[in-house]
A.B. asks: 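This is the structure I have questions about; it appears just below.
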Amino acid sequence: MFDFFKRKAAQEERQEYASPSPSPAEGERLNPSLSENMIAVRRLFDNSADLVDRRITAGGVEIAVLICEGMVNLQAFAELMAGPLTSLGTAQPSLGHPCASPQAALEHLRAHAVLGADQKEFYTYGELFTFIMSGFAVLLIDGLPLGIALGMQGFSFRSISEPSSEVNVRGSREGFVEPLRINLTMIRRRLKSPLLKFELATVGVRSKTDICLVYMTDSVSGKMLDKVRGRLGRLRLDVVLESGYLEPFLEDRPLSLFSGVGTTERPDTLCAKICEGRIAILVDGTPFALIVPYLFNEHFQSVDDYTHRPYYATFIRLLKYTAFFFTILLPGAYVALASFHPELFPNALLFNIATSEESTPFPLMFEALLIHFIYELMREAGLRLPRPIGHAVSIVGALVIGDAAVTAGLIGAPMVMVVAVTAISSFVVPSLYQSITVLRFAFILIGGTLGLFGMTLGLTAVLCNLCAKHPMGVPQTAPASPFSLYPMRDVFARAGWRKLGRRQMRIQDLPGSETDEA
């Protein structure tokens, strides 16, 4: 039966969906004739309104200038291109004669006239469109089967501001922005080392999104780097609009609840990670950078841990671990104890729970699922609505619905308390919120059907799944499992900088890693 549905789905996929593939015309080479090139560009561009082209004659050579409206800095265009192009017909002391041939005009533009630093030559229509839509000004010279692209980007973008998802007390307030080049400068400004390498690539058949691999050449594992390059090279997506599109292709076990790929909006966090031998992936158009591999204990770390005193940082980390287990186990444990093991409650508490549940019409497990579903509904509504309205929905809605549910006898008061504690705990480790939400509902179902014995089996299954993950060949639970004493100085407790700065940890040196030495 399963094979039948699988074959049926594959047949419909072949009939109704087309695999992403580039247009054959984009691979065609430029023609020496400028007129034929312009006809082909307008045909392939379908006379789009944002294509601006201007043909001029300088020194007897016809030249076409193409830009995408709103993508080019017009002031830079006037200073670096307009003036030099109009002076092509004058005598050049270095050449000894006017530019009377296409090749002479090309040499003049290469060496003397155009002052833009970002200059590239291209030979196909696909490259031409990529450059135009990336904010380059393109020159086509009659008589030459090539073009010149000059970086004069002038599109608008969000200014550098404080990251919204990683708020800190001390340290930098700068967060990544959408343009890729701006993000690269923020990294380079913090790591002034020639060992820092940026490796550019393009993904997406239609979007042709720029991505950049960032790593330290003296720390990164060669085997790990080749694995990341191979997976991104085999990527077959039509469009890539956010770094989340790439995450499943970097995962070793995509069905696991825990991800081996981390995200960050902070340049200082990214710099610290790549110095440990990790690889960062920046995607043009999003402020969220990917970090591979990412260990489980790093979800409980923050940039403030390394600015506070060690004893306080240790306390905060233990608080986060406690909050994580609280938020996934507390509702299920409460349902399991009240349903199967009420003798474990103190007498006074048991009497209060029995009194409140006596007046409610639903079983305890259904009650827990219902109130958590309502909570997730309000959270999602508050998140998606405009900010002023969102705050009103989340706060007023929680007060009104919670009080009304208890007053109407639909939900017991202890259950509302459990949900409130669980909700607060879930925001202590925001990077694990997706996993926490699924595990919370799963443990409620397990606790309501199998009791504490089922909760123990469920927790064991989660730990086995976590220990089985090896993102990029590194155990996700390292250095706790396989255990290594020295790296534990920065897991549950944080040592002082006198000890942390003594030796630099590399991710491939952790016990159980299957990567080679850098």
Side-chain angles (χ1 to χ4, degrees), residues 22-23 25-28 30-31 33-58 61-88 105 109 113-142 144 146-160 177-185 200 202-211 238-242 283-287:
S23 172
E26 294 184 5
E28 296 180 4
L30 294 172
N31 197 291
S33 172
L34 180 60
S35 298
E36 293 186 14
N37 284 333
M38 294 304 298
I39 292 172
V41 168
R42 292 194 184 98
R43 173 175 54 83
L44 295 172
F45 224 94
D46 200 17
N47 289 321
S48 180
D50 60 338
L51 176 64
V52 179
D53 63 276
R54 177 72 184 274
R55 298 175 69 165
I56 63 173
T57 302
V61 179
E62 193 171 8
I63 300 174
V65 182
L66 295 91
I67 63 174
C68 206
E69 186 177 3
M71 300 285 288
V72 172
N73 187 328
L74 296 180
Q75 182 178 356
F77 177 83
E79 294 176 355
L80 302 181
M81 280 189 61
L85 283 174
T86 55
S87 64
L88 275 175
L109 291 173
V114 182
L115 302 178
D118 194 3
Q119 301 183 33
K120 295 180 175 64
E121 294 183 6
F122 59 91
Y123 299 89
T124 64
Y125 291 108
E127 292 174 297
L128 183 148
F129 295 140
T130 301
F131 282 124
I132 288 179
M133 293 178 231
S134 298
F136 283 73
V138 168
L139 299 180
L140 298 177
I141 303 174
D142 190 24
L144 295 177
L146 57 86
I148 304 175
L150 303 116
M152 298 182 180
Q153 290 85 348
F155 47 81
S156 300
F157 57 88
R158 182 174 60 92
S159 61
I160 297 174
V177 291
E178 284 70 19
L180 178 63
R181 306 286 177 173
I182 304 296
N183 295 336
L184 299 185
T185 60
L200 290 171
T202 303
V203 294
V205 175
R206 293 184 185 273
S207 63
K208 294 181 174 60
T209 307
D210 291 327
I211 66 171
D238 211 15
V239 292
V240 175
L241 304 178
E242 216 278 332
V283 180
D284 189 30
T286 175

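Please read all numbers here as calculations on a predicted model, not as lab measurements.
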A.B. asks: How many angstroms lie between atom CD1 of Ile148 and atom CG of Leu139, to the nearest 0.5 angstrom?
C.D. replies: 5.5 Å
A.B. asks: Measuring from atom CG of Asn31 to atom CG of Leu144, what distance do you get when rounded to the nearest 0.5 angstrom?
C.D. replies: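 That separation rounds to 11.5 Å.
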A.B. asks: Provide the full list of side chain to side chain donor-acceptor pair (under 3.5 Å) pairs with a residue in residues 127-141, sequence neighbours left out, each pair given once.
C.D. replies: Thr124-Glu127
A.B. asks: Rounded to the nearest 0.5 Å, what separation is found between the CZ atom of Arg55 and the CG atom of Leu34?
C.D. replies: 4.5 Å
A.B. asks: Would you say that Met38 contacts Leu66 through its side chain, given a criterion of any heavy-atom pair below 4.5 Å between the two side chains?
C.D. replies: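 A side-chain contact under 4.5 Å exists here.
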A.B. asks: Could you check if a side-chain atom of Arg158 sits within less than 4.5 angstrom of a side-chain atom of Pro287, using non-hydrogen atoms only?
C.D. replies: yes
A.B. asks: To the nearest 0.5 Å, tell me how far Thr286 OG1 sits from Glu242 CD.
C.D. replies: 3.5 Å
A.B. asks: Should Leu200 and Leu180 count as side-chain neighbours, where that means a heavy-atom distance under 4.5 Å?
C.D. replies: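 They are in side-chain contact.
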A.B. asks: Do the side chains of Leu51 and Val41 get nearer than 4.5 Å, heavy atoms only?
C.D. replies: yes
A.B. asks: Are Tyr125 and Arg43 packed together at the side-chain level, in the sense that at least one heavy-atom pair is separated by less than 4.5 angstrom?
C.D. replies: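 Heavy-atom side-chain distance check fails, nothing below 4.5 Å.
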A.B. asks: Does anything in residues 68-78 form a salt bridge (Lys or Arg N to Asp or Glu O under 4.0 Å)? List the pairs, not counting sequence neighbours.
C.D. replies: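 Matches after skipping sequence neighbours: none remain.
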A.B. asks: Check whether any side-chain N or O of Asp210 sits under 3.5 Å from a backbone N or O of Asp284 as a donor-acceptor pair, and report yes or no.
C.D. replies: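 No: the side chain of Asp210 does not pair with the backbone of Asp284.
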A.B. asks: Out of curiosity, Asn73 CG to Phe155 CZ, how far, rounded to the nearest 0.5 Å?
C.D. replies: 11.0 Å
A.B. asks: Applying side-chain hydrogen bond (donor to acceptor under 3.5 Å, both in side chains), can you list everything that pairs with Ser33, at least two apart in sequence or on another chain?
C.D. replies: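 By the side-chain hydrogen bond (donor to acceptor under 3.5 Å, both in side chains) rule, Ser33 matches no residue at all.
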A.B. asks: Does the side chain of Tyr123 reach to within under 4.5 Å of the side chain of Leu30, using non-hydrogen atoms?
C.D. replies: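 SC-SC contact between Tyr123 and Leu30 ruled out.
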